[in-house]
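Shown next, in C-alpha cells, is the structure this report addresses.
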Amino acid sequence: MGARRQKHLVLILAREFASNLATPTMITDERGYLVFFNEAAEEVFGRSYAEVGEMPYDDWTSRFEPRSIDTDEPVPLEHRPTGIALNEQRPAHERMRYTSIEGVARENAVTAFPLFAHHDELVGTVTIFWRE
C-alpha cells in the first residue's frame with residue numbers, strides 16, 4: 001500500500017466547512033481524487049463517506065454515472081462541473097442526473113468551483129448538489 005499524501009490546509013479547511021453544511025457537498029483534490037463528502041451528500045451517493053473513502057476521479061464518476069437530463073446520455077468529463085473546475089480552473093453549473101451506488105437515479109443542479117492556495121496553485125474543488 002502506498003504512502004498516504006498529506007492534505008493541503010485549504011482542503012482541510014474545506015472539509016471542515018463542508019462537514020458543517022446541510023447542503024450536499026463534495027471535495028476533490030487537485031488530481032480529482034474524491035477526498036470527502038459530507039453527511040448531506042450521502043443521499044446523493046447512497047453511502048457514507050466512511051464506506052466509500054478516497055478514490056480516483058474515474059472510479060467515483062463511473063460509479064455514479066453522470067448523465068444529461070435532456071438526452072440521458074453520459075456527460076463527458078469536460079462538460080461536468082467538477083471536470084470544468086479541475087481542468088479549466090473556473091466555476092461551473094449544470095443540471096445532471098446521478099445514479100447512487102444502490103442504483104437510485106436523482107436529478108440535481110450541480111455547482112463546482114476550484115480551490116486555490118494562491119492565485120496559480122489549484123489544490124482541489126468543491127462541488128455542491130442542489131436539491132430541486
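These figures come from a predicted structure and were not determined experimentally.
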Could you tell me whether a side-chain N or O of Arg97 sits under 3.5 Å from a main-chain N or O of Arg67, the two making a donor and an acceptor?
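A pair under 3.5 Å: no.
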Does Thr23 offer a backbone N or O that forms a donor-acceptor pair with the side chain of Thr25 under 3.5 Å?
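Checked: pair present.
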Taking all atoms of both residues into account, what is the closest heavy-atom pair of [X] and [Y], and its distance?
X	Y	value
Ala40	Ala22	CB-O, 3.3 Å
Ser19	Asn38	CA-CB, 4.2 Å
Ala117	Val123	CB-CG1, 3.8 Å
Gly83	Tyr57	N-OH, 3.7 Å
Leu122	Pro114	CD1-CB, 3.6 Å

[atom1]/[X] to [atom2]/[Y] distance, rounded to the nearest 0.5 angstrom?
X	Y	atom1	atom2	result
Glu121	Gln89	CD	CD	10.5 Å
Leu86	Arg31	CG	CZ	11.0 Å
Arg106	Glu43	CZ	CD	5.0 Å
Thr28	Leu11	OG1	CG	8.0 Å
Asn108	Ile128	CG	CD1	12.0 Å
Thr125	Ile84	OG1	CD1	12.0 Å

Quick check: Phe36 with Phe17 (ring centres under 6.0 Å apart)?
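That pair fails the under 6.0 Å test.
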Is [X] linked to [Y] within one hydrophobic cluster, defined over Ile, Leu, Val, Met, Phe, Trp and Tyr using a side-chain heavy-atom separation of less than 4.5 Å?
X	Y	value
Val44	Trp130	yes
Met26	Val35	yes
Met55	Phe37	yes
Ile12	Val126	no

Is it the case that more than 12 heavy atoms not belonging to Glu39 sit under 6.0 Å from its CD atom?
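Result for CD/Glu39: open.
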Taking side chain as C-beta onward, heavy atoms only, is Phe113 less than 4.5 Å from His93?
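Not touching, per the 4.5 Å side-chain cut-off.
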Side-chain touch Ser68/His79, heavy atoms, less than 4.5 angstrom:
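They are not in side-chain contact.
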Taking NZ, NE, NH1 and NH2 as the nitrogens, is one of them in Glu94 or Arg80 under 4.0 Å from a carboxylate oxygen of the other?
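No salt bridge links Glu94 with Arg80.
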Check step by step if side-chain contact (heavy atoms from CB on, under 4.5 Å) holds for Glu78 and Asn87.
CA-CA 8 Å; Glu78 62 271 12; Asn87 296 324; 5.5 Å; no
Show, in sequence, the C-alpha distance, side-chain angles and deciding distance for Glu54 and Tyr49, and conclude whether the side-chain contact (heavy atoms from CB on, under 4.5 Å) test is met.
CA-CA 8 Å; Glu54 287 190 19; Tyr49 179 72; 3.0 Å; yes
Step by step, work out the salt bridge (Lys or Arg N to Asp or Glu O under 4.0 Å) result for Arg90 and Glu88.
CA-CA 6 Å; Arg90 66 176 178 86; Glu88 298 180 28; 2.7 Å; yes
